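Please read all numbers here as calculations on a predicted model, not as lab measurements. We count ligands from 1, going down the list as the structure has it; atoms in each ligand are counted the same way.
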Amino acid sequence: MFVIDDAIFVAKSWRMHLNSTGSITRFSPLRLKAFVPALAFAAVMGLGHIGFAQEAHLPVVASHSADTTHHGDGPWWKHAVIYEIYPRSFQDSNGDGIGDLNGIAHRLDYLQGLGINAIWLSPIYPSPQVDFGYDISDYENVDPQYGTLADFDKLLAEAKAHHIRIIMDMVMNHTSDKHEWFIESESSRTNPKRDWYIWRDGKGIGADGKPIPPNNWVSLFGGSAWQYDPKTKQFYYHEFYKQQPDLNWRNPEVEKAMFGAVRFWLDRGVAGFRLDAIPNLFEDPKLRDEPYTGGTDAYGDKKVSDIYTNNLPEVHDVMRRLRALVNEYPGGRVLIGETYLPNVKELDKWYGGASHNELQLPMDMQVGFINKMDASLFRERINQAETEIDGNQPLFVFDNHDNPRSWDRYGDGVHDEAIARVIAAMLFTSRDTALMYYGEEIGMVTTTPARKQDVRDPIGIRGWPKEKGRDGERTPMQWSDTKDAGFSTAATTWLPVAPDYPTVNVKTEQAEPASLLNWHEHLIAMRRNDPALRNGKQIMLDKNNPSVLSYVREGVGGSPAVVVALNFTAKTQTITLNPGAAGIRGTNIKTLLTDAPSLEQTKSLHDIVLPPFASWIGSLK
Ligand code: GLC
Ligand code: CA
């Protein structure tokens, strides 16, 4: 099993380590729904000091403003739930089988009801779509597939009316090879933009008559990271596809141009950026070969470490300048980083450590991608985020468009839904900013293509059958049990809708009080309203228990503390919690939320009997 802080782990290998076979086989197509009697569940809702609506599917959202600042407790993003939308797959509004901006606007009521505060929009810029938008050919426009700039402005305004902010995906490491900058750059060795990309001479001609690349660096998407250009007889560097040439961040004009694009969107009113592949901005200027680490990857290349192409210290200077730029704008604009890093020390650097002058929210991938139900490891990693990042704000994430869905990474094939509840409870009751991915809230599964000819993601085409690509986690959002799951009216959608949509969909789950969707709504509402969950310190309890993760969130300003106990095993576990030892006093226990009917009447922290994979959240006063 992969260990994330293993020395071999290389940050750029976000996918390699997660699923080396690329096949997800642990779930059965007919999902086993955890049984929770609806009435009992609704009764529990009524018990909480938060005052849930009795009808669990008509939640608490009507009265809230996601923007409300509670008790003056810091910037909005500290308490936010950020929801990643993969625009191709969320909602199609014009029947072409591809999601679009107007489709997203159409679903804002749903998103407000869920309780999210911001959308992270995967790239919508004009793009040849080689990497489905992560190959940008114009940073200051919208791809016609998704709409127009006017549609974007309308979405921004409508989202604001729903108290939802929009965070753009910003790809600074590379452009599309069809971007005018690259077209100029490749046109001749003397073009003024030549040095905007990383052009180098090769090492002569090989025995096969082909030019030899400058060094042994490999692309994360397979093969040499160097592409030869016969016209100018040099190679250019590409960390990803050859249609995604890396920009040369040692050239100040590149920074100036890219920061211009950043301003373009900030001026339009976006709330910030998710910075794509941001640790990859710089490469070793000496082009030293990277050491081989043994074995081959899914594409058949010899594995190399990435010490000369990833997380070079120079990147932090750029981050500090970018933060200074963003700070010029009012309203708490936020920088989020796609930061797969080997340990919490490296993560802390991305905040600027104690100086707090780089990203506000580099993603913590140490927690969400543990990929096994290991209570001890979660305890250790969550505690590190609480205590070892210089008072910065952790951002936890379990799902995104690059990895098999958490349902499959954590599920055991028998208790999948209960496990999904444990994951959600952990995400929303920890002292973190929470990042989620569309469909996570209804339990969408990874639906990896079974035949190579159906694969759309080029890494799956290239890496088949070892690497089947990322289509599986990008299937259309399941809104209802009607045609195309309510996603589209097209005869065929860009990726097929997952076959479980007749039962796994928003409409069905909205009508089921005990559904996974309502579980998410309740957790998010609790997190928004409860002072302890907003700001209370997170203190681990029962620290030697390998089977149950328990913690307390300290009360704030006289509010009750919140105690959380999550059974990480398929066995019944009996626990006794002693928050008093951590200085948290109180005798009055009330259940706030649980998926175990037997725990609804819990009155004491002694001998709590947790059924397999049960979640229990209570207040302590
Ligand atoms: C990031 C994106 C991924 C993309 C890659 C290249 O890792 O999340 O989807 O393929 O960058 O832009
Ligand atoms: Ca469309």
What atoms of ligand 1 come within less than 4.0 Å of a heavy atom belonging to [X]?
{"X": "His174", "answer": "6 (C), 12 (O)"}
{"X": "Arg474", "answer": "9 (O)"}
{"X": "Arg470", "answer": "3 (C), 4 (C), 9 (O), 10 (O)"}
{"X": "Phe221", "answer": "10 (O)"}

Does [X] count as lying over the ring of [Y], i.e. NZ or CZ under 6.0 Å from the six-ring centre, within 45 degrees of the axis?
{"X": "Arg405", "Y": "Tyr438", "result": "yes"}
{"X": "Lys466", "Y": "Trp464", "result": "no"}
{"X": "Arg194", "Y": "Trp199", "result": "yes"}

Tell me whether [X] reaches ligand 1 (any heavy atom closer than 4.0 angstrom to a ligand atom).
{"X": "Glu84", "answer": "no"}
{"X": "Phe132", "answer": "no"}
{"X": "Arg274", "answer": "yes"}
{"X": "Glu239", "answer": "no"}

Open item on the list: Under a plain distance cut-off of 3.5 Å, with no hydrogens placed, do Glu441 and Tyr83 share a side-chain donor-acceptor pair?
Closed with: yes
TODO: Tell me yes or no: between the side chains of Asp143 and Gln129, is some donor less than 3.5 Å from an acceptor?
DONE: yes
Task: Matching residue for Lys154 among Leu101, Thr148, Asn102 - test: side chain to side chain contact (heavy atoms under 4.5 Å, CB included) - done: Asn102
Task: Within-3.0 Å protein N/O/S contacts of the Ca ion (ligand 2) - done: Asp92 OD1, Asn94 OD1, Asp96 OD1, Ile98 O, Asp100 OD2
- [ ] Considering only NZ, NE, NH1 and NH2 on the basic side and carboxylate oxygens on the acidic side, decide whether Arg462 and Asp457 come within less than 4.0 Å.
- [x] no
TODO: Could you tell me whether Arg268 and Asp153 make a salt bridge, using a distance below 4.0 angstrom between a side-chain N and a carboxylate O?
DONE: yes
Open item on the list: For Phe182 together with His238, are the ring centres under 6.0 Å from each other?
Closed with: no
- [ ] Measure centre to centre between the rings of Trp494 and Phe487, then say whether the value is under 6.0 Å.
- [x] no
Open item on the list: For atom 10 (O) of ligand 1, tell me which residue out of Leu275, Asp131, Ile459 has the closest non-hydrogen atom.
Closed with: Asp131
